[in-house]
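For clarity, every value in this text was computed on a predicted model and none was experimentally measured. Atom set for the values below is all heavy atoms of this structure, side chains included, hydrogens, waters and symmetry mates excluded. Every chain is numbered from 1 and lettered A, B, ... according to where its sequence line falls, protein lines coming before strand lines.
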2 protein chains.
Amino acid sequence: MASELNLKGVNLSLTASTSDVIYDALRDAIIRGEMAEGETIRQESVAKLFSVSRIPVREALKRLEAQGLVTSVRYKGVVVASMSPSEIAEIFEFRVLVESKVVEYAVEAMTPESLELAKGYCEAFAEETNPARWGDLNRLFHSALYRDSGRPYYLEIVQSANDRVERYVRAQLDLTEGMARARRDHEAILEACFKRDARKAVNLTASHIHNAGQALIRFLQKRSEA
Amino acid sequence: MASELNLKGVNLSLTASTSDVIYDALRDAIIRGEMAEGETIRQESVAKLFSVSRIPVREALKRLEAQGLVTSVRYKGVVVASMSPSEIAEIFEFRVLVESKVVEYAVEAMTPESLELAKGYCEAFAEETNPARWGDLNRLFHSALYRDSGRPYYLEIVQSANDRVERYVRAQLDLTEGMARARRDHEAILEACFKRDARKAVNLTASHIHNAGQALIRFLQKRSEA
DNA sequence: TTATAGTATATTGGATCCAATTTAGTATAG
DNA sequence: CTATACTAAATTGGATCCAATATACTATAA
């Protein structure tokens, strides 16, 4: 019957199958960095965790594979995908290209509600003391800025790209300097949006993402040398 | 043991599972337009076609769903995804943005082999009389131009975007004017690449995709009015 | 002691079976 | 004749079972 309930603005479709639930949970665990890269995901252990058979687990894993979040080897299993610095750098470069465009489209169309929403997340991000929440608030802030772009496909792609590097972004945010810089960047971007200064919002978004990527690469190289 | 055989430049990994084979076949059928949009795909009929059970079919369908090529409704089945003109227009706009960049990166790095390959496909495209082959040659030509970009992630995204609109592009190519225009565009782009004129190659690629998108939208609107 | 062969266990891929739900079809009431 | 309620068939989602393969372990030989 596809009944739905709308709760706190979150739309929970009751048509979700077990496989969907498992997909969401695994995706969440991966992008949050709760599973180490290279770690193999055992079908049986996931199945036990959710008290189901391996069938829906396997379907969830196929979807994660299609999204590039895990890689699979026949008769061996799937492992959490790991990315080389150059792969990460490429994704950040791509994000600069696409998210800049999305902001450009969004700024002129941005509703007062979206601006307020973004402002709220920006403040919450700046005030949040629990590092575990920074990643969420960071994404919520950017999503709020993008939502009025009128470009659902771009947003889908942006989400997918962000999923792949999310774990590294979070590691970067945990560095206090990374966090401080992100906070300043966010405030500047938000101000440009309030002023409907598309050009400025685009440039600030581009450099925000670019700089985050550069810092992240430096961080990863430092860590690999140690 | 992951043995592989390399045949005519195509790398056939023998590690492919049944589910992979089915995924490839269905994806191919969908993007070639061999299945009507909105058509529901019955698990059992696909399973019979490949003489297997529904299990690998379901896994293949999950992957297609993650790629956006089909949409699924619980207990009803999956249907071949259909796109509205505005969704198609968005993808073409996106392709202009991303593929232009890819060409820019590729032109300077393009090897003589890639140039010859592109030339070969360009000529084959121009001379091919069987419309069913135009779509393949069109994609092979563009892929040849992109392959030296050094941006595997961009290429992944470009492929995914093209998959979604491929069926419509083919319909457009079938219009003789569409084909004639594509041929001229290809030759001009190729010439710019041979001359290492990145700026020109970028501009030509952008307008090539842009114009194809515009023509396609007009075509679809005409057809819907009739 | 170490390397190798062989066996046992663990794990994945696929087939078959059952449950939940939808869809098609039929009968009945108005 | 049409609309509705009921039943049967078709279809999907999930569980359990079996086959194929990989990994871990053990024993044996040098």
Side-chain angles (χ1 to χ4, degrees), chain A residues 1-5 12-27 29-30 35-81, chain B residues 1-5 12-27 29-30 35-81:
Chain A
M1 215 346 137
S3 47
E4 295 180 357
L5 66 147
L12 292 178
S13 171
L14 294 186
T15 58
S17 64
T18 311
S19 145
D20 295 330
V21 174
I22 294 173
Y23 169 80
D24 288 337
L26 288 178
R27 170 179 170 274
I30 292 171
M35 312 186 74
E37 50 184 8
E39 181 179 345
T40 83
I41 303 178
R42 292 290 162 215
Q43 298 174 6
E44 187 62 41
S45 54
V46 177
K48 271 186 185 154
L49 208 58
F50 289 87
S51 304
V52 293
S53 79
R54 281 163 44 226
I55 297 291
V57 176
R58 279 161 61 173
E59 291 177 356
L61 291 176
K62 283 292 175 193
R63 287 176 59 186
L64 290 171
E65 193 187 351
Q67 300 282 105
L69 294 177
V70 303
T71 58
S72 152
V73 179
R74 190 178 160 89
Y75 291 117
K76 280 189 158 181
V78 307
V79 300
V80 178
Chain B
M1 215 345 140
S3 48
E4 294 179 358
L5 69 144
L12 293 178
S13 172
L14 294 185
T15 58
S17 63
T18 310
S19 144
D20 294 329
V21 174
I22 295 173
Y23 168 80
D24 288 338
L26 288 178
R27 169 179 170 275
I30 291 171
M35 312 185 74
E37 48 184 10
E39 181 180 344
T40 80
I41 304 177
R42 293 291 162 213
Q43 297 174 6
E44 187 61 41
S45 55
V46 178
K48 271 185 184 155
L49 208 61
F50 289 87
S51 304
V52 294
S53 77
R54 281 163 43 224
I55 297 293
V57 176
R58 280 162 60 172
E59 292 176 356
L61 291 176
K62 284 290 176 195
R63 286 175 61 186
L64 289 171
E65 193 187 352
Q67 299 282 108
L69 294 178
V70 302
T71 58
S72 151
V73 179
R74 189 176 161 93
Y75 289 118
K76 280 189 158 183
V78 307
V79 299
V80 178

What integer distance in Å separates A:Asp20:CG from D:dG13:C1'? 11 Å

Is A:Asp20 close to A:Glu59 at the side-chain level, that is, under 4.5 Å between some pair of heavy atoms? no

How long is the line joining CG of A:Leu61 and P of D:dG14, in whole Å? 14 Å

Measuring only between side-chain heavy atoms, which start at C-beta, is A:Leu61 closer than 4.5 Å to A:Leu26? yes

Give me the atom names and distance for the closest heavy-atom approach of A:Arg74 to B:Thr18. NH1-N, 4.5 Å

Between D:dA9 atom C1' and B:Lys76 atom NZ, what is the distance in whole Å? 17 Å

Check whether any side-chain N or O of A:Thr18 sits under 4.0 Å from OP1 or OP2 of D:dG14, and answer yes or no. yes

Is any side-chain heavy atom of A:Val52 closer than 4.5 Å to a side-chain heavy atom of A:Ile22? yes

What's the CD-P distance between B:Glu39 and D:dT11, to the nearest Å? 14 Å

B:Glu65 CD - D:dT12 C1' separation (whole Å): 13 Å

Restricting to non-hydrogen atoms, name the atom on A:Gly68 and the atom on A:Ala81 that form the minimum distance, rounded to 0.1 Å. O-CB, 3.6 Å

Using every non-hydrogen atom in the two residues, find where A:Arg42 and A:Lys76 come nearest and quote the distance to one decimal. NH1-O, 3.2 Å

Compare the minimum distances between each of D:dT12, C:dT23, D:dG14 and the side chain of A:Glu59, then state the nucleotide with the smallest one. D:dG14

Using a cut-off of 4.0 Å on non-hydrogen atoms, how would the nucleic acid contact of B:Ile41 be classed: base, sugar-phosphate, or nothing? sugar-phosphate

I need the CZ-P distance between A:Arg63 and D:dG13, as an integer number of Å. 12 Å

Once you round it to whole Å, what is the distance between C1' of C:dT23 and CZ of B:Arg42? 9 Å

Are side-chain heavy atoms of A:Ile41 and A:Val70 found at a separation under 4.5 Å? yes

Is the shortest side-chain N/O distance from B:Gln43 to OP1 or OP2 of D:dG13 below 4.0 Å? yes

What pairs of nitrogen or oxygen atoms, one from the protein and one from nucleotides 15-19 of chain C, lie under 3.5 Å apart?
| residue | atom | partner | partner atom | Å |
| --- | --- | --- | --- | --- |
| C:dA15 | OP2 | B:Ser53 | N | 2.7 |
| C:dA15 | OP2 | B:Ser53 | OG | 2.6 |

